[in-house]
Amino acid sequence: MKRSAPYLFLTPAIVLFTLFLAVPIGYTVYLAMLRTKVSGLGLGKGSRREVFVGFDNFAAALADAELWNGWLRVLGYGTLVLVVMLGLALLFALLLDSARVRLAQISRIAIFLPYAVPGVAATLLWGFLYLPSLSPIREILDIDFLGATTVTYSMANVAVWGGVGFNMLVLYTTLRAIPRDLYEAARLDGASEFQIALRVKIPILTPAIILTTVFSIIATIQVFTEPTTLRPLTNTISSTWSPLMKVYRDAFVTGDLYSAAATSIVIAAISLVLSFGFLRVVRNRAFGEG
């Protein structure tokens, strides 16, 4: 009984993992290897049937120019979001952990609060602020926020506004776990608050910074809410602006589930390569591994 106890505790997690992760992934791989073959006009009984095509759908997905154009747009969008969002999160975490900070609790809540707003609601909120006929901002700044050259920055603004608070909280929690004796020793050695932040806090924060960066990379690759919600407000966002938008179009607009399944697996593979590639590059700093 003692030997089987661990497996009994693990059973619910294993069942949930199998039903809601392993089985859907397996079914997606299965669909990605099929295609509908149409005979004649495709109207009679049995004129449409599924046939096994192996890796043909994957080859078509990799050769699709729309998918790679979407990746290029997401790359520019993601670079902007990662730099600004994580930079602000680190800055706010360091400021809130400063010995001279005032109203720290209210500030933490104010910075974290946008993260609690659902993504669709946040994007609609900013979308109305971007519209020329509704935005009070347009009365001050003569900028077309939904123009072809600015819409990426507008979407990045929504992501930064909603994501800074979560990343700040992760970094701030890590800072609060650092023994205060380290700061006192640095002050006795004549270090200023800026030097303490630069030479003591940030090096200790490195693993947490890397963790938030990996999560942010994955979230950025999966960008879908912002462009999809803003798309009805402008004609500068195509139906394949991001890779996931292309998957949605193929699956639910054109009805090509097999192509959508193959493309989604390609996206997942690229996400894993980018995430683990980043971890491999920085693992020595993060985990002390060579």
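Each residue takes its place number in the sequence, starting with 1.
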Engineer: As an exercise, state the distance from CE of Met168 to CG of Leu90, rounded to the nearest 0.5 Å.
Structural biologist: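 Result: 12.0 Å between the selected atoms.
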Engineer: Can you tell me if CZ on Phe52 sees more than 12 non-hydrogen neighbours from other groups inside 6.0 Å?
Structural biologist: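 Yes - once you tally the heavy atoms of other residues, nucleotides and ligands closer than 6.0 Å, there are more than 12.
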Engineer: Going by atom types only, do Tyr130 and Asn157 share a side-chain donor-acceptor pair under 3.5 Å?
Structural biologist: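 Side-chain D/A pair, Tyr130 to Asn157: present.
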Engineer: Strictly below 4.0 Å, N to O, side chains only: are Asp256 and Arg35 in salt-bridge contact?
Structural biologist: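 Salt bridge absent between Asp256 and Arg35.
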Engineer: If you group Ile, Leu, Val, Met, Phe, Trp and Tyr by side-chain heavy-atom gaps below 4.5 Å, do Val53 and Val29 land in one group?
Structural biologist: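 No.
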Engineer: Under the side-chain contact (heavy atoms from CB on, under 4.5 Å) criterion, do Arg280 and Phe276 qualify, and how do the steps go?
Structural biologist: CA-CA 6 Å; Arg280 185 174 180 82; Phe276 284 105; over 6 Å; no
Engineer: Is any side-chain heavy atom of Thr263 closer than 4.5 Å to one of Pro243?
Structural biologist: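 With C-beta onward as the side chain, the pair stays apart.
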Engineer: If we only count heavy atoms from C-beta on, is the Leu86 to Ser216 side-chain gap below 4.5 Å?
Structural biologist: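 Leu86 reaches Ser216 side chain to side chain.
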Engineer: What's the separation between atom CG in Asp250 and atom OG1 in Thr254, rounded to the nearest 0.5 Å?
Structural biologist: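 Here the rounded value is 4.5 Å.
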Engineer: Taking all heavy atoms of Pro24 and all of Thr18, pick out the closest pair and write down the distance.
Structural biologist: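 Nearest heavy atoms, Pro24 then Thr18: CD-O, 4.2 Å.
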Engineer: Mind checking the CD-OG spacing from Glu193 to Ser98? Nearest 0.5 Å is all I need.
Structural biologist: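 Rounded to the nearest 0.5 Å, the CD-OG separation comes to 5.0 Å.
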Engineer: Enter the distance from Thr213:OG1 to Phe278:CZ here, rounded to the nearest 0.5 Å.
Structural biologist: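 That separation rounds to 4.5 Å.
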Engineer: Counting C-beta onward and ignoring hydrogens, is there a side-chain heavy-atom pair between Ile196 and Arg199 closer than 4.5 Å?
Structural biologist: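 Of all side-chain heavy-atom pairs linking Arg199 with Ile196, none is under 4.5 Å.
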Engineer: Go through the steps to decide whether Ser238 and Arg73 satisfy the test side-chain contact (heavy atoms from CB on, under 4.5 Å), and finish with yes or no.
Structural biologist: CA-CA 11 Å; Ser238 67; Arg73 286 188 287 267; 4.1 Å; yes
Engineer: If I compare all heavy atoms of Val117 with all of Trp161, which pair ends up nearest, and what's the gap?
Structural biologist: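 Val117 and Trp161 have their closest heavy atoms at CG2-CH2, 4.2 Å.
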Engineer: Between Leu169 and Leu88, is there shared hydrophobic-cluster membership here, with clusters defined by ILVMFWY side-chain heavy atoms closer than 4.5 Å?
Structural biologist: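 No, Leu169 and Leu88 fall in different hydrophobic clusters.
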Engineer: So that I can tick it off, tell me whether Asp97 and Arg180 are bridged by a salt bridge, with the cut-off set at under 4.0 angstrom between side-chain N and carboxylate O.
Structural biologist: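 Asp97 and Arg180: salt-bridged.
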Engineer: Going by heavy atoms in the side chains, are Thr228 and Leu244 under 4.5 Å from each other?
Structural biologist: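 No, side chains not in contact.
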Engineer: Test side-chain contact (heavy atoms from CB on, under 4.5 Å) on Glu50 and Leu34; report intermediate values, then the result.
Structural biologist: CA-CA 6 Å; Glu50 290 182 338; Leu34 301 176; 3.6 Å; yes
Engineer: A side-chain contact here means heavy atoms from C-beta on lying under 4.5 Å apart; do Ile265 and Ile25 qualify?
Structural biologist: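 SC-SC contact between Ile265 and Ile25 ruled out.
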Engineer: Which distance, rounded to the nearest 0.5 Å, do you find between the CD1 of Ile218 and the OG of Ser271?
Structural biologist: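 OG of Ser271 is found 7.5 Å from CD1 of Ile218.
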Engineer: Indicate yes or no: at least one non-hydrogen side-chain atom of Val214 is less than 4.5 angstrom from one of Leu279.
Structural biologist: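 In contact.
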Engineer: I need the minimum non-hydrogen distance between Trp68 and Ala61, along with the two atoms involved.
Structural biologist: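 Trp68 and Ala61 have their closest heavy atoms at NE1-O, 4.4 Å.
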Engineer: Are the aromatic rings of Phe166 and Phe112 close, with centres under 6.0 Å apart?
Structural biologist: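 Here the rings of Phe112 and Phe166 have centres that are no less than 6.0 Å from each other.
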Engineer: What pair of heavy atoms forms the shortest contact from Ser264 to Val247, and how long is it?
Structural biologist: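 The answer is N-CG2, 4.0 Å.
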Engineer: Do Leu129 and Pro136 have side chains that approach each other closer than 4.5 Å (heavy atoms only, starting at C-beta)?
Structural biologist: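 With C-beta onward as the side chain, the pair touches.
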Engineer: Testing Leu82, Val151, Leu72, Thr152 for side-chain contact (heavy atoms from CB on, under 4.5 Å) with Tyr77, which one passes?
Structural biologist: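 Result for side-chain contact (heavy atoms from CB on, under 4.5 Å) with Tyr77: Thr152.
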Engineer: Can you confirm whether Trp71 sits close enough to Ile270 that some side-chain heavy atom of one is under 4.5 Å from a side-chain heavy atom of the other?
Structural biologist: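 Result yes, sub-4.5 Å side-chain heavy-atom pair found.
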Engineer: Measuring from Ser154:OG to Glu226:CD, what's the distance to the nearest 0.5 Å?
Structural biologist: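 Between Ser154 OG and Glu226 CD, I get 11.5 Å after rounding to 0.5 Å.
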Engineer: Do you know the tightest heavy-atom contact between Leu182 and Ile204?
Structural biologist: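 Distance-wise, the nearest heavy atoms are CD1-CD1, 3.9 Å.
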Engineer: side-chain contact (heavy atoms from CB on, under 4.5 Å) with Trp241: which of Glu66, Arg231, Met155?
Structural biologist: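 Exactly one option meets the side-chain contact (heavy atoms from CB on, under 4.5 Å) with Trp241, and it is Met155.
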Engineer: Is the CG atom of Asp189 crowded by more than 12 outside heavy atoms at less than 6.0 Å?
Structural biologist: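 Enclosed: over 12 neighbouring heavy atoms sit under 6.0 Å from CG of Asp189.
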